[in-house]
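Here's the structure we're looking at; comments come further down.
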Amino acid sequence: MTEVPRIAIVITCFNYEAYVGRAIASVRAQTVSDYELVVVDDGSTDGSWDVIARSGVRACRIANGGQRAACLHGLDQTRAPFVLFLDADDELKPEALATILPQLDGNVAKLQYSLTRIAADGTVLGARYPALPRFRESGALAARVLATGVYQSPPTSGNVFRRDLCDVLRDAGYEPAVDGVILFAAPFLGDVVSLDEDLALYRVHDRNDSGLGRAPEPRVLQRDLDRFLQRMAHLRTIVARHRPGAALVEPRRTFYFQTSSFALAIASGRRPGLGDGLRLVATLASEPARLRGRLAVVALYLATILASRRRAQKLLAYRFGVGRRSLGGLIRAAVFP
């Protein structure tokens with residue numbers, strides 16, 4: 001039998017004719033060859049399949065079922081012990097796998113790295129996303145998840161998962177994406193390795209599921225809140241299995257839930273009240289992010305309590321923008337038209 005590659009790259013595509021060829025080319029341009037590649041066309045109705053077929057890589061077409069189903073289909077077509085799910089609108093940098101592979105061993109459940117944000121045409125948009133520290137740990141990160149439900153993690157294309165960790169996706173039918181519960185289950189199954197290098201390109205355009213770079217929409221914010229509650233319920237079962245007796249925070253008491261609820265109120269045209277502000281402030285003690293960063297977020301949201309509806313929504317748009325944020329930028333968003 002041929003030797004099993006160390007990492008599988010699964011590219012899933014739905015109507016990304018304009019980008020999928022670049023994603024495939026970015027994998028083929030890697031400076032190492034110790035990988036297997038499969039492309040899954042998730043029922044595209046544009047010319048995506050033609051682009052994929054012309055590339056000559058191993059590929060398959062399935063009925064449209066969403067990213068999670070397409071990723072699991074691709075996972076089942078591969079054998080490598082580690083898996084990278086690359087979105088069809090993103091790209092790996094040429095040195096990505098050469099940097100990643102030496103960091104992987106059997107005790108690593110997940111590896112993460114920063115991404116360079118680019119526009120649809122490839123223009124670099126600015127600071128890396130997110131700005132990750134370099135570490136390898138599990139215990140402290142598991143404690144953070146128990147206390148807050150989250151930790152800083154990049155979107156799909158910025159992660160590598162150990163194959164057995166991917167099995168948690170099979171029970172995550174409540175969300176179509178893969179950058180959900182699997183991220184926060186990782187420290188309960190092994191080490192999380194975080195690299196402070198940009199190893200991929202994250203394309204920001206008008207079809208990003210995350211909504212990054214667009215004015216926040218109430219529908220998307222409500223959807224993300226609902227998924228967070230379902231994800232936390234799922235995570236609770238995973239924690240009970242791998243860390244019996246550990247207590248996971250009640251989701252409505254988390255900084256994530258409070259800030260997201262605040263954003264939803266503003267985006268929906270409602271004015272948050274003083275009680276909402278006090279609940280948000282109360283979550284600061286449990287949020288492990290840098291004090292300066294979390295205070296800035298709270299200050300921004302508290303400012304919306306006194307602002308007009310139009311100004312509050314402008315502040316919210318600034319909060320979710322893709323550029324570098326600063327105190328000066330916040331003041332301009334709060335004061336100037």
Task: Residue pair Ile100 / Leu111, side-chain heavy-atom distance below 4.5 Å - done: yes
Open item on the list: In this structure, would Val239 and Ile182 fall into the same cluster of hydrophobic residues linked by side-chain contacts under 4.5 Å?
Closed with: yes
- [ ] May I ask you to check whether Asp179 and Gln67 show a side-chain donor-acceptor distance below 3.5 Å?
- [x] no
Task: Worked check of salt bridge (charged side-chain N to carboxylate O under 4.0 Å, His left out) between Glu95 and Lys93 - done: CA-CA 6 Å; Glu95 71 281 5; Lys93 293 187 177 182; 5.4 Å; no
Open item on the list: Before we go on, tell me: are the rings of Phe82 and Phe161 under 6.0 Å apart, centre to centre?
Closed with: no
Task: Minimum heavy-atom distance Leu141-Glu137, with the two atoms named - done: N-OE2, 3.4 Å
TODO: Determine the minimum heavy-atom distance between Leu221 and Ala267, stating which atoms define it.
DONE: CD1-CB, 3.7 Å
Open item on the list: Are Ser138 and Val192 packed together at the side-chain level, in the sense that at least one heavy-atom pair is separated by less than 4.5 angstrom?
Closed with: no
Open item on the list: Could you check whether Ser114 and Asp196, counting side-chain N and O atoms only, form a donor-acceptor pair closer than 3.5 Å?
Closed with: no
- [ ] Without swapping roles, check the side chain of Asn64 against the backbone of Asp42 for a donor-acceptor pair under 3.5 Å.
- [x] yes
- [ ] Give a yes or no on whether a salt bridge exists between Arg136 and Asp105, defined as a side-chain N under 4.0 angstrom from a carboxylate O.
- [x] yes
TODO: Using the side-chain hydrogen bond (donor to acceptor under 3.5 Å, both in side chains) rule, collect all pairs that involve residues 21-35, keeping only residues at least two apart or in two chains.
DONE: Arg22-Glu91
TODO: Consider only side-chain N and O atoms of Arg163 and Thr78, and report whether a donor and an acceptor are under 3.5 Å apart.
DONE: yes
Open item on the list: Show the nearest heavy-atom pair for residues Gln152 and Pro133, with the distance to one decimal.
Closed with: OE1-CD, 3.8 Å
Open item on the list: Walk me through whether Leu146 and Phe188 qualify under side chain to side chain contact (heavy atoms under 4.5 Å, CB included).
Closed with: CA-CA 10 Å; Leu146 292 174; Phe188 298 97; 3.9 Å; yes
Open item on the list: Testing the 3.5 Å rule here: is there a donor-acceptor pair between the side chains of Ser48 and Asp41?
Closed with: no
Open item on the list: I want to check something: taking the side chain as every heavy atom from C-beta on, are Cys13 and Val40 in contact at a cut-off of under 4.5 Å?
Closed with: no
Task: Asp89 and His205 side chains, donor-acceptor separation under 3.5 Å - done: yes
- [ ] Considering only NZ, NE, NH1 and NH2 on the basic side and carboxylate oxygens on the acidic side, decide whether Arg170 and Asp76 come within less than 4.0 Å.
- [x] yes
- [ ] Answer yes if the side chains of Asp226 and Gln222 hold a donor-acceptor pair under 3.5 Å, and no otherwise.
- [x] yes
Task: Glu197 side chain to Leu199 backbone, donor-acceptor under 3.5 Å - done: no
- [ ] Please examine the side chains of Val150 and Thr254, heavy atoms only from C-beta on, and report whether any two atoms are closer than 4.5 Å.
- [x] no
Task: Any residue meeting ring-ring contact (aromatic ring centres under 6.0 Å, His included) with Phe184, in chain and number order, not counting sequence neighbours - done: Tyr151
- [ ] Answer yes or no: is there a donor N or O on one side and an acceptor on the other, between the side chain of Arg162 and the main chain of Leu104, under 3.5 Å?
- [x] no
TODO: With the side chain counted from C-beta on, respond yes when Leu189 and Lys110 share a heavy-atom pair under 4.5 Å apart, and no when they do not.
DONE: no
Task: Considering all heavy atoms, the nearest Ile62-Ala70 contact - done: CD1-CA, 3.9 Å
Open item on the list: Go through it in stages, so that I can follow the logic: the residues are Ser260 and Asp224, the test is side chain to side chain donor-acceptor pair (under 3.5 Å), and I'd like the CA-CA distance, side-chain angles, deciding distance and then a yes or no.
Closed with: CA-CA 8 Å; Ser260 298; Asp224 289 346; over 6 Å; no
Open item on the list: What verdict does the salt bridge (charged side-chain N to carboxylate O under 4.0 Å, His left out) test give for Glu175 and Arg231, after you've listed the backbone C-alpha separation in whole Å, the side-chain angles of each residue and the deciding distance to 0.1 Å?
Closed with: CA-CA 8 Å; Glu175 58 185 351; Arg231 183 183 310 148; 3.1 Å; yes
TODO: Is it possible for you to say whether Tyr256 and Ile238 belong to one hydrophobic cluster, with membership spreading through side-chain heavy-atom contacts below 4.5 Å?
DONE: yes
Task: Side-chain touch Leu225/Phe257, heavy atoms, less than 4.5 angstrom - done: yes
Task: Asp191 and Asn107: side chain donor to acceptor below 3.5 Å - done: no
TODO: Indicate if Ile52 and Val38 have the same hydrophobic cluster label, given that clusters are the connected sets of ILVMFWY residues with side-chain heavy-atom separations under 4.5 angstrom.
DONE: no
- [ ] Using the six-membered ring wherever Trp is involved, compare the ring planes of Tyr129 and Tyr202 and label them parallel, tilted or perpendicular (cut-offs 30° and 60°).
- [x] tilted
Open item on the list: For a quick test of reading the model, state the closest non-hydrogen atom pair linking Ala200 to Tyr113 and the distance between them.
Closed with: CB-CE1, 4.0 Å
Task: Smallest separation among heavy atoms of Ser55 and Ile24, with atom names - done: OG-CD1, 3.8 Å
Task: Leu195 side chain near Leu132 side chain, heavy-atom distance below 4.5 Å - done: no
TODO: Find out whether Val10 and Thr12 are in side-chain contact, i.e. whether some heavy atom of one side chain is under 4.5 Å from a heavy atom of the other.
DONE: yes
